[in-house]
Amino acid sequence: MLDIKFIRENLEKVKKAATDKNRKVDFDKLLTLDEERRKLITEVEKVRAERNKISVQRTENREQRDKGKKLKEQIKILEEKLKTVEVDFKNLMYQVPNVPDKSVPIGSDASYNKEVKKWGKVPKFDFKPLDHIEIAKKLDLVDFDRGTKIAGFRGYFLKNEAALMEMGILAHTFKKLVMKGYTPLIAPSLVREFTLFGNGQFPWGREEVYLMEKDSLYLAGTAEVPVTAYFAGEVLKESDLPKKYVAFSPCFRREAGSYGKDTKGLYRLHQFNKVEQVIINKNDYQGSLELHEELLRNSEEVLQDLKLPFRVMLMCTGDMGEPQVKKYDIETFMPVRGGYGETMSNSFMGDFQTRRLNIRYKTAKGEMEFTHSLNNTAVASPRILIAILENYQKGDGTVEVPEILQEYVGKKVITLKK
RNA sequence: GGAAGGGUCGCAUAGUUGGUCUAGUGCGUUCGCUUGGAAAGCGAAUAACACCGCAAGGUGUUCGCGGGUUCGAAUCCCGCCCCUUCCGCCA
């Protein structure tokens, strides 16, 4: 959600942002409602002021009391009008997307995304490489059949070295970020509804989120949800900002509307584990952009530790969400699955989320400001295992274990079970 | 699941026979005095939000949320949400 004052004062900018993001917003209606709203507020306040004048008198006078009664009725009528206008106004306000940074390419779809970096050597195989599903089956690393039996569609059991690798990569990444000064958190996956509204996932993405109806709790698809909402409703100290967190959580996604896509393998799952980076910064646009780059570097380093080739895509206006000011996707090379696949997503939201979550701080001048929020995947597994298995496979059917994971797996090579 | 207590200004608290509560106090924060510098001490300021206004300022709303009673509600009534403690169950 943006500030209505900002919209009024930067109308052309905001209109352009909506157009560039492929969102249709009726700005004329919004402004009309805004004007109506303010007019009604002024009116209600005037009548209420009159009413208050009478009530402070503590009068026993019958005429005065009757006058007060009449004013009360007037207030009620005006308030009802105002309420209607405000509901419409708010609904429209929720639809206004955030304004992209000037560095963001303008374009309607993913084809306008810009590759800004490429790292690592794409492996050349002198044999026909297998895809991760075949590798996993051969080396007994994933049990998809029993996974489905137990957990339903897209269910899986990670097994043997794959299970060890997942624990290892999560632990390695978690520790790495802690060493960089990020505060470690293990975050709840079960969350209340307001966290999802606050993050800007609701009201749009309801279909994507699991709901525990009996308890009115949702299963978060990312630790961004609980961690960004961590300070909801609080006023922070400016000197404490930025606050940096690295959070582990199991993640749950219904993957509604993508039933045809990636139905096999470890790419698109209903449940996975993720280490997420979240930063709450003060309202300092340049500073936040720099932190956004820091988050990017952190994730790049994780892939560099694993020696996996990747590229960084700067998302264009049409391919980013409503809340984002700027967004990078990091895509890791998955030779057989089909080129580069998204493994990390790095977003700067300005105060779009924190305005909804009401996370503020007081400046030295004593003014209240909304904080900024940013988040980026540090690593998500099992998806990252696809890249490891496919890039590290050898002609003899074995898979090398990335150096940094060897201590967790307890071996250097994954071989066929007898 | 059972029982009880509670949600008030950044934090902690006072405030329930309805009306100077235009919300008290402590902590914190800011400024000043003091000091070689700092701490301590002393003094002062300090809730948020909305609307009107160039501004000074004014008006209104908000004491978990929603509704009701009343000329007037933090205070009374109804519904809901949330938190804490104890018992039970339990990794």
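Here is the naming used below: chain letters follow the sequence lines, and residue numbers restart at 1 for every chain.
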Acceptor/donor pairs from residues 40-48 of chain A side chains to any protein atom, 3.5 angstrom cut, sequence neighbours excluded:
residue	atom	partner	partner atom	Å
Thr42(A)	OG1	Arg38(A)	O	2.7
Arg48(A)	NH1	Glu79(A)	OE2	2.6

Throw together a table of side-chain donor-acceptor distances under 3.5 angstrom for residues 3-15 of chain A, partners on residues two or more places apart or in other chains.
residue	atom	partner	partner atom	Å
Asp3(A)	OD1	Lys5(A)	N	3.2
Arg8(A)	NE	Asp34(A)	OD2	2.7
Asn10(A)	ND2	Phe6(A)	O	2.9

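The gap from the C1' atom of G58(B) to that of U16(B) amounts to 33 Å, rounded to the nearest Å. A distance of about 14 Å separates the C1' atoms of G19(B) and C76(B), rounded to the whole Å. To the nearest whole angstrom, the two C1' atoms, one in A12(B) and one in G67(B), are 31 Å apart.
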Report, one pair per line, the protein and nucleotides 62-69 of chain B atoms (nitrogen or oxygen only) whose separation is under 3.5 Å.
residue	atom	partner	partner atom	Å
G67(B)	OP1	Lys83(A)	NZ	2.8

Could you go over nucleotides 26-28 of chain B and give all protein N or O partners under 3.5 Å, atom names and distances?
none

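Summarising the geometry, the separation between CZ on Arg38(A) and P on U61(B) is reported as 20 Å, rounded to the nearest angstrom. Taking atom CG of Asn358(A) as the reference point, atom P of C49(B) lies 9 Å away to the nearest angstrom.
With sequence neighbours left out, the side-chain contact (heavy atoms from CB on, under 4.5 Å) criterion links Asp101(A) to Ser103(A), Val104(A), Tyr285(A), Leu289(A), Val325(A), Lys326(A). Taking the side-chain contact (heavy atoms from CB on, under 4.5 Å) definition, one finds that Glu290(A) meets it with nothing, sequence neighbours left out.
Other residues, nucleotides and ligands contribute more than 12 heavy atoms inside 6.0 Å of the OH atom of Tyr210(A). More than 12 heavy-atom neighbours from other residues, nucleotides or ligands sit within 6.0 angstrom of CZ on Phe197(A). Heavy atoms of other residues, nucleotides or ligands lying less than 6.0 angstrom from NZ of Lys394(A) number more than 12.
Checking C49(B), G60(B), G72(B) against the side-chain heavy atoms of Ala49(A) singles out G60(B) as nearest. Taking only side-chain atoms of Met368(A), from C-beta outward, the nucleotide of C51(B), A48(B), C71(B) with the closest atom is A48(B). Taking every side-chain heavy atom of Arg51(A) into account, U61(B) is the closest of U61(B), C82(B), G10(B).
A salt bridge links Arg337(A) and Asp262(A); the closest N-O separation between the charged side-chain nitrogens and carboxylate oxygens is under 4.0 Å.
Of the nucleotides present, none pairs with C54(B) by Watson-Crick or G-U wobble criteria with both distances under 3.5 Å.
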